[in-house]
Structure formats: C-alpha cells, structure tokens
Amino acid sequence: DVKVTQSSRYLVKRTGEKVFLECVQDMDHENMFWYRQDPGLGLRLIYFSYDVKMKEKGDIPEGYSVSREKKERFSLILESASTNQTSMYLCASKTGTGATDEQYFGPGTRLTVT
Amino acid sequence: GQSLEQPSEVTAVEGAIVQMNCTYQTSGFYGLSWYQQHDGGAPTFLSYNALDGLEETGRFSSFLSRSDSYGYLLLQELQMKDSASYFCSGGGATNKLIFGTGTLLAVQP
C-alpha cells in the first residue's frame, strides 16, 4: 500500500528557531512536493523536487529551503521560523510529470510558531 | 496569473446529486484533477480529466471543458461520509500544480 509519512503531526516552535519537517515515501516516486494549507487559501506549493538533489521553487518559497539527499526523503527547512509560518504543512509524492498524475499526500504537520 | 476558483461552500441532502464547479484562468493547462479531504485528513485523489468531456468513477464524475476553462465534480447518491472539502487542481507540462481554494461540502440527513 502506498505510503507517505511525515515526522510529526503537531509541532510547536518559537520565533527564530530552525525547524525541520521530514517526509518519507515508500513508492520509489521521483517527484516530491511540499505544500502549506491555510483556511480559504487552499494548498500552495512551496518547493518540489523531481530527482535526488534537484529542487525547484513553487509559488511561496520565501523563508523556506528544502533538501533531498535520498530519493525517498524530502525535508522542508524553516531557517528562522516566524509566526506567519504557522500553518498545516503537507508533503506529497508522485511518479511521472503529467499534470493529472495522482499525488499521494502525507497526513500533514500542523506547525505553530509562537 | 494562474488561479482556480471554486465556491467556498455547498450544502446538499443525503441521496441527492451535487455539482461542484471549478473555473480557471491560466494558459497551457494540461488537465484538471480532483481531490477530497476530510477534516483533519490528507487529500486523496478522486479523478482527473486530461481531455474534454465526462469521466465517471462510480458515484463520482468529473467534467472538463478547456475551451470554457471550466470543470466540475459531480457526486451522486450523496452519503454522509461525502462531507468533506473538494479541491480542483491543474497544471501545465511541468510538476508545478495549482490547487483551487476548495469547496466545503456539507451533506445533511
């Protein structure tokens, strides 16, 4: 069964802290994504990766960076957390590059920055 | 810019049929996908339209008209468990997908 896991369901961090969100998929997918989800705004793409060590900016990359050292793992890094980064963070993966290819989502990490 | 517009809320009764619309403003769209998300859960894939027309999967159908930049998701024989948020998603030749703001469907007994 297809599985995407995220390191934490809930996380509370202080302003200025460096935050790591981890995502692991077991489907050997080439493509992995990080989104944030806020009420009324839907899912917004932060970064995505189409191969190991490869990354591309999404629509809202400011304040974030990513790392993909292994195919199955994609990390989102908040270099210096701020309160406006309080949100639900969703990781997803898929195979292929088609716009209609199914994305498999993890359960999400609800991050609160105080 | 690129955007997908969806009504924020829809209410329907159990057993009925409901249509949730998605209009988009973008060039070079290669198709539309639909995802369901229950409260507190992860989005799950429902269907996609790579070509114009209607695609049916059980109680769910999805429609796309690229000339009208419009699509919809149709749910038949509504059940209480269908209460969820529904997102349309689209993109071009790359992996950079855009999601709509979502429609919250409330199914009432």
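Chain letters run A, B, ... following the sequence lines, proteins first and then strands; every chain starts at 1.
- Contacts between A/D59 and chain B at a heavy-atom distance below 4.5 Å involve backbone atoms as well as side-chain atoms.
- Hydrophobic clustering of Ile, Leu, Val, Met, Phe, Trp and Tyr side chains at less than 4.5 Å, counting indirect connections, unites B/V107 with B/L73.
- Under a hydrophobic clustering in which Ile, Leu, Val, Met, Phe, Trp and Tyr are joined whenever their side-chain heavy atoms come within less than 4.5 Å, directly or via other members, A/Y64 and A/L90 fall into different clusters.
- Partner A/S93 forms a side chain to side chain donor-acceptor pair (under 3.5 Å) with one of A/E72, A/H29, A/K71 and no other, that one being A/H29.
- In this structure, the separation between OG on B/S62 and CG on B/L54 is 7.0 Å, given to the nearest 0.5 Å.
- A distance of 11.0 Å separates SG of A/C91 from CZ of A/R73, quoted to the nearest 0.5 Å.
- Of the possible donor and acceptor atoms, one in the side chain of B/Q6 sits under 3.5 Å from a partner among the backbone N and O of B/C88.
- Neither the backbone nor the side chain of A/R44 comes within less than 4.5 Å of any heavy atom of chain B.
- A/T95 and A/E30 share a donor-acceptor pair across their side chains, judged by distance under 3.5 Å alone.
- Residues of residues 8-20 of chain B never come within less than 4.5 angstrom of chain A, heavy atom to heavy atom.
- Residue A/V19 is grouped with residue A/I46 when hydrophobic side chains (ILVMFWY) are merged at heavy-atom distances under 4.5 angstrom, including chains of intermediate members.
- The interface of residues 39-52 of chain B with chain A, defined by heavy-atom distances below 4.5 Å, comprises B/G40, B/A42, B/P43, B/F45, B/Y48, B/N49, B/A50.
- In this structure, chain B has no heavy atom under 4.5 Å from any part of A/E56.
- No donor-acceptor distance shorter than 3.5 angstrom exists from the side chain of A/R36 to the backbone of A/S87, with no hydrogens or angles considered.
- Taken from OH in A/Y47 to CD1 in A/I77, the straight-line distance is 10.0 Å, to the nearest 0.5 Å.
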### Query
Is there a ring pair (Phe, Tyr, Trp, His ring centres under 6.0 Å) between B/Y35 and B/F87 once you walk through the steps?
CA-CA 5 Å; B/Y35 288 79; B/F87 295 90; 8.4 Å; no
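- Both the backbone and the side chain of A/L43 come within contact range of chain B, with heavy atoms under 4.5 Å apart.
- Proximity to chain A is limited to the side chain of B/Q37, based on heavy atoms less than 4.5 angstrom apart.
- For a residue to count as touching a neighbouring chain, one of its non-hydrogen atoms must lie under 4.5 Å from one of that chain's; by this rule B/L4 does not touch chain A.
- A distance of 12.5 Å separates CG of A/L11 from CZ of A/R110, quoted to the nearest 0.5 Å.
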